[in-house]
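In what follows, a structure is listed as structure tokens, so that the remarks can point back to it.
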There are 2 protein chains.
Amino acid sequence: MALDHAILVSLLEQPGSGYELSRRFERSIGYFWTATHQQIYRVLKRMESDGWIQVREVSQQARPDKKEYSVAAPGRAALSRWLHEPIEPESVRHDLAVKIRGAAFDDPAALIREVERHRQAHTDRLAHYLAGERRDFTGPGAPAAPDAGQQLQHVVLRGGIAYERMTLDWLDDVLATLRRLGPAR
Amino acid sequence: MALDHAILVSLLEQPGSGYELSRRFERSIGYFWTATHQQIYRVLKRMESDGWIQVREVSQQARPDKKEYSVAAPGRAALSRWLHEPIEPESVRHDLAVKIRGAAFDDPAALIREVERHRQAHTDRLAHYLAGERRDFTGPGAPAAPDAGQQLQHVVLRGGIAYERMTLDWLDDVLATLRRLGPAR
DNA sequence: TCCTTCTATGCAACTCGTTGCATAAACAAG
DNA sequence: CTTGTTTATGCAACGAGTTGCATAGAAGGA
């Protein structure tokens with residue numbers, strides 16, 4: 001199970017509360033791993049009772065108090081162990097592909113709007129990635145000599161950018177195919 | 001839940017037994033949706049009791065009997081309903097990206113062999129896809145005028161091919177980055 | 001003052017997915 | 001004639017992930 005490890009990595013990059021983690025899972029970490037706040041709180045609780053992470057109560061003004069988590073030595077060791085063991089190449093779950101093949105038994109043209117919606121979502125995500133890349137890595141305010149952590153974050157982000165570009169090209173191919181098939185079955 | 005719908009699509013393309021479906025989920029359908037045989041048998045049982053699919057006992061010689069499933073009218077209606085409702089763009093789960101960002105807190109060079117292993121797996125998958133494309137769509141024995149179903153299967157396969165090519169390029173980028181960082185932390 | 005929004009944490013119930021195990025028919029190899 | 005492989009189906013238990021709901025502090029606006 002990799003949610004544990006995704007959280008450990010995120011906390012090593014920057015300690016934070018469950019709430020902050022759930023926000024990160026809507027952005028940077030969320031680009032390659034998703035989790036809801038319930039999942040995150042549950043895992044944090046388990047990792048804390050296992051001694052993998054430490055809590056610190058932080059009083060805040062202008063907002064409720066929070067629990068700030070940081071990685072303890074056993075957590076770091078667990079992450080290291082996981083990094084050294086092989087994992088299987090990911091298993092895929094691609095609803096849209098199921099729909100496209102299913103369209104053969106329905107009206108292919110009815111899928112066009114759905115595919116266009118997905119295309120828009122991927123366009124937005126690509127723009128978001130590119131803005132992040134400029135801000136953190138290629139823009140004027142970016143570090144001239146990035147450290148290992150920054151270089152690794154950048155290569156992961158480049159993967160996200162490549163994925164979105166590939167997906168946009170493919171969705172154009174899908175749209176062209178659906179339009180060629182026309183409204184009839 | 002899309003496993004139901006993936007199975008319905010597969011049974012519409014070709015009726016078959018749970019065992020045959022689980023083989024298909026190791027190949028064509030498995031390119032964009034994974035499932036174990038236990039999952040498949042469980043869902044088949046539920047869909048049968050819901051009247052979505054029909055069973056036919058088939059006696060075979062030289063091997064055990066099987067239950068051949070095919071889609072009934074209510075199943076087809078359920079699929080059609082699903083095709084017409086919008087779905088969220090997929091949520092991502094990419095272990096390797098977690099590992100790459102985690103490598104900043106361990107030894108980046110130790111990941112090289114793991115990444116090379118993944119690269120090999122994707123090379124194999126690409127070769128497999130390309131062989132399938134030649135066999136079914138672009139080779140000499142392929143249909144000159146493919147029907148809607150074949151065109152849709154082909155565009156999904158092209159997506160798989162584009163994905164593998166993009167991934168191979170990215171893994172090369174990852175390898176170059178890891179090698180540049182060197183063995184030290 | 002009430003209502004909404006944002007921050008912050010959590011329980012309970014459920015469904016989905018994985019792992020381990022079990023059975024059995026048919027054939028092939030030793 | 002036992003052992004191993006392929007085809008074929010399934011149960012039980014567990015772990016991961018989702019959905020709905022609940023609470024509460026603090027700020028801002030109607």
Side-chain angles (χ1 to χ4, degrees), chain A residues 1-8 11 15-27 29-30 32-50 53 55-69 82 87-95 98, chain B residues 1-8 11 15-27 29-30 32-50 53 55-69 82 87-95 98:
Chain A
M1 167 206 21
L3 178 54
D4 297 35
H5 306 109
I7 289 176
L8 287 173
L11 288 179
S17 68
Y19 186 77
E20 283 161 352
L21 281 169
S22 77
R23 315 268 351 242
R24 291 184 210 168
F25 274 84
E26 284 165 12
R27 23 183 349 280
I29 311 286
F32 50 90
W33 204 272
T34 53
T36 60
H37 76 271
Q38 287 86 346
Q39 248 182 298
I40 291 165
Y41 283 121
R42 204 193 295 152
V43 171
L44 283 174
K45 193 149 271 190
R46 194 187 65 232
M47 291 202 294
E48 194 212 326
S49 77
D50 290 352
I53 54 178
V55 209
R56 198 169 59 91
E57 285 274 345
V58 177
S59 299
Q60 302 183 112
Q61 59 267 68
R63 53 178 67 175
D65 297 353
K66 65 173 181 177
K67 299 180 181 177
E68 196 187 70
Y69 291 92
W82 177 70
I87 48 168
E88 290 305 304
E90 355 69 85
S91 55
V92 190
R93 298 275 153 94
H94 205 318
D95 298 70
V98 177
Chain B
M1 168 206 22
L3 178 54
D4 298 36
H5 306 108
I7 288 176
L8 287 173
L11 288 179
S17 67
Y19 187 79
E20 283 161 352
L21 281 169
S22 75
R23 315 267 351 242
R24 290 184 211 169
F25 274 84
E26 284 165 11
R27 19 184 353 279
I29 312 286
F32 50 91
W33 204 271
T34 52
T36 59
H37 77 270
Q38 287 86 347
Q39 249 182 297
I40 291 165
Y41 283 120
R42 204 194 293 155
V43 171
L44 283 174
K45 193 148 273 191
R46 195 187 65 233
M47 292 203 294
E48 195 212 325
S49 77
D50 290 351
I53 54 177
V55 209
R56 197 169 60 92
E57 284 275 345
V58 177
S59 300
Q60 302 183 110
Q61 59 264 69
R63 50 179 69 176
D65 296 353
K66 65 174 181 179
K67 298 180 180 176
E68 196 186 72
Y69 292 93
W82 177 71
I87 48 168
E88 290 305 304
E90 354 70 83
S91 56
V92 190
R93 298 275 151 95
H94 204 315
D95 298 71
V98 177

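Labels below follow one simple rule: chain letters A, B, ... track the order of the sequence lines, proteins then strands, and each chain is numbered from 1. Here the structure is a predicted model, which means the values were calculated and not measured. No hydrogens, no waters, no symmetry mates; every other heavy atom, side chains included, goes into these values.
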- Note: B:L3 and B:A35 closest approach over all heavy atoms is CD1-CB, 3.8 Å
- Item | Nucleic acid footprint by protein, nucleotides 22-30 of chain C - heavy-atom cut-off 4.0 Å, B for base, S for sugar-phosphate alone | ---BSS---
- Query: Quick one: side chain to side chain contact (heavy atoms under 4.5 Å, CB included) partners of A:P64, sequence neighbours excluded?
  - Reply: none
- Query: Is the base of D:dG10 touched by the side chain of B:Q38 through a donor-acceptor pair closer than 3.5 angstrom?
  - Reply: yes
- Query: Below 3.5 Å, does any donor atom in the side chain of B:R42 face an acceptor in the base of C:dG17, or the other way round?
  - Reply: yes
- Message: If the cut-off is 4.0 Å, is B:R23 near the phosphate of D:dT7, judged by side-chain N/O to OP1 or OP2?
- Response: yes
- Item | Whole-Å distance separating the CD atom of B:Q39 from the P atom of D:dA13 | 19 Å
- Residue closer to the 5' end of DNA chain D, B:Y41 versus A:D4 (nearest nucleotide): B:Y41
- Residue among A:L44, A:I7, A:D4, A:V43 satisfying side chain to side chain contact (heavy atoms under 4.5 Å, CB included) with A:I53: A:L44
- Hey, does B:T34 reach any base, or is it just sugar-phosphate, or nothing, if we go heavy atoms under 4.0 Å? nothing
- Query: Taking atom C1' of C:dT7 as reference, at what distance in whole Å does atom CD of A:E68 sit?
  - Reply: 15 Å
- Message: Listing request: all side-chain hydrogen bond (donor to acceptor under 3.5 Å, both in side chains) pairs with a residue in residues 34-45 of chain A, at least two apart in sequence or in separate chains.
- Response: A:T34-B:R93
- Query: Taking atom P of C:dT15 as reference, at what distance in whole Å does atom CZ of B:R46 sit?
  - Reply: 10 Å
